[in-house]
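In what follows, a single structure is set out as structure tokens and then discussed.
Whatever order the structure lists them in is the order used to number ligands and atoms, beginning at 1. Because only heavy atoms are used, hydrogens play no part in the values below, and waters and symmetry mates are left out as well, while side chains stay in.
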Amino acid sequence: MTMSANVTSRKVPEHLVFDDAPRRIYWEVTRACSLACRHCRAEASPNPDPDELSPEEGLALLDRIATFGAPKPHVIFTGGDPLEREDLFDLVAHARSLGLGVSVSPSATPRLTPQVIRRFREAGVEAISLSIDRATAEAHDALRGVEGCSARTIAAALAAREVGLMLQVNTLVAAETVDDLAGVYRLVCDLGAARWSLFFLVSVGRGTVLQPVDARRAEELLAWLADLPRDPGKPLVTTTEAPHFRRVLLQRRSLPQVAAARAGFGIRDGNGVLFVSHTGYVSPSGFLPMAAGNVRRQDIVDIYRSSPMFESLRDVQSFRGRCGICEYHAVCGGSRARALTAEGDMLAEDPLCTYRPVRAMQRGGTP
Ligand code: SF4
């Protein structure tokens, strides 16, 4: 059986359903950030919310996360700016002592010094992620509305390379950035990033100030990404809120890319992914602002495994429109965050995808 046939069959293979534990937990440890990027998802502000999880609550949350069992989820400390939390390194140390893998998504501020980056490495942080949205410093700073942001980002990336800390570069895909992506890719390669993650805009938070690309342009872009070389020294390309990249990889038979991306197949909002807000609310992703519970009152393990919201998001048969009948829905499933934003229904089809499933073609019309 070919790899393609195996992952696109109607019965969902067990390894594509993450019923017991998420693979990745994004914890927004604070919304405080000294930047004020124009399109910030978190709508960050200079001061911490007095209601954000306390240091004790943070340690207890990590204790509970560790009880998900093996393989333990990887925790990404995000924000706001995680470096605004005075107890960040205590949280990192506790997570590591519990056997949890840790990454950090810091903001490019003066706090992100080479010394801090070295300290991340010494504390056992696996990777940091930095944002580069445009290929030139002027364009990047103008998009973010923060002067000097690009220079600090490049300096931090070089400092990470210097100490051997894995780097992921995050890039926004929107109408305002899409024509610049080839230049961003060259920069990502030059910086020696291990991973390039492209976030296809979902208009939440301050993201509503930008325009998403349309489905046709997204399809062209995904095809270009699928054809990028998978050579040693080149970054692994992944997408956020565009899981149909996996469908494109399989259709184009980009086998080196498929092999590299295979571990992420099936993972999407609520299936293998969980987000904890700064005040403890648990959502399927940071771009899907619907809470299934709060870690102050409920066990995060119970919320993930048993809440009706998470259960429905793991059941591809419950999806509507094309995503419900698509032969790729087990590996893809569409962006549930975009379905909610665009259709008001997190189980609706993802309008950013142009694919016509075989069953829709057989019916001769739109499902
Ligand atoms: S129709 Fe839905 S499940 Fe199928 S490839 Fe497109 S987004 Fe993915």
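- Heavy-atom contacts of H329 reach the following atoms of ligand 1: 3 (S) (cutoff under 4.0 Å).
- To the nearest 0.5 angstrom, R134 atom CZ is 6.5 Å from L143 atom CG.
- We find that E220 and R217 are joined by a salt bridge, their nearest charged nitrogen and carboxylate oxygen being less than 4.0 Å apart.
- Separation of the F275 and Y26 ring centroids does not fall under the 6.0 Å cut-off.
- Listed by number with element, the atoms of ligand 1 under 4.0 angstrom from any heavy atom of G334 are 7 (S), 8 (Fe).
- Side-chain contact check for W196 and T171: at least one donor-acceptor pair (N or O, by modelled atom type) lies under 3.5 Å.
- If you look at C353 next to ligand 1, the close heavy atoms, those under 4.0 Å, all belong to the side chain.
- Counting protein heavy atoms only, atom 2 (Fe) of ligand 1 is closest to C323 SG, 2.4 Å.
- Of all protein heavy atoms, the one lying nearest to atom 5 (S) of ligand 1 is R247 NE, 3.5 Å.
- For atom 8 (Fe) of ligand 1, the nearest protein heavy atom (residue, atom name, distance) is C332 SG, 2.4 Å.
- For atom 3 (S) of ligand 1, the nearest non-hydrogen atom of the protein is G333 N, 3.6 Å.
- Ring pair F287/F199: centre-to-centre distance below 6.0 Å.
- Note on H244: not counted as a metal contact of atom 4 (Fe) of ligand 1, no N/O/S atom lying under 2.8 Å.
- Residue-environment remark: CZ (F89) exceeds the threshold of 12 foreign heavy atoms within 6.0 Å.
- Considering only non-hydrogen protein atoms, atom 4 (Fe) of ligand 1 sits nearest to C326 SG, 2.4 Å.
- A salt bridge links R338 with D350: at least one charged nitrogen is closer than 4.0 Å to a carboxylate oxygen.
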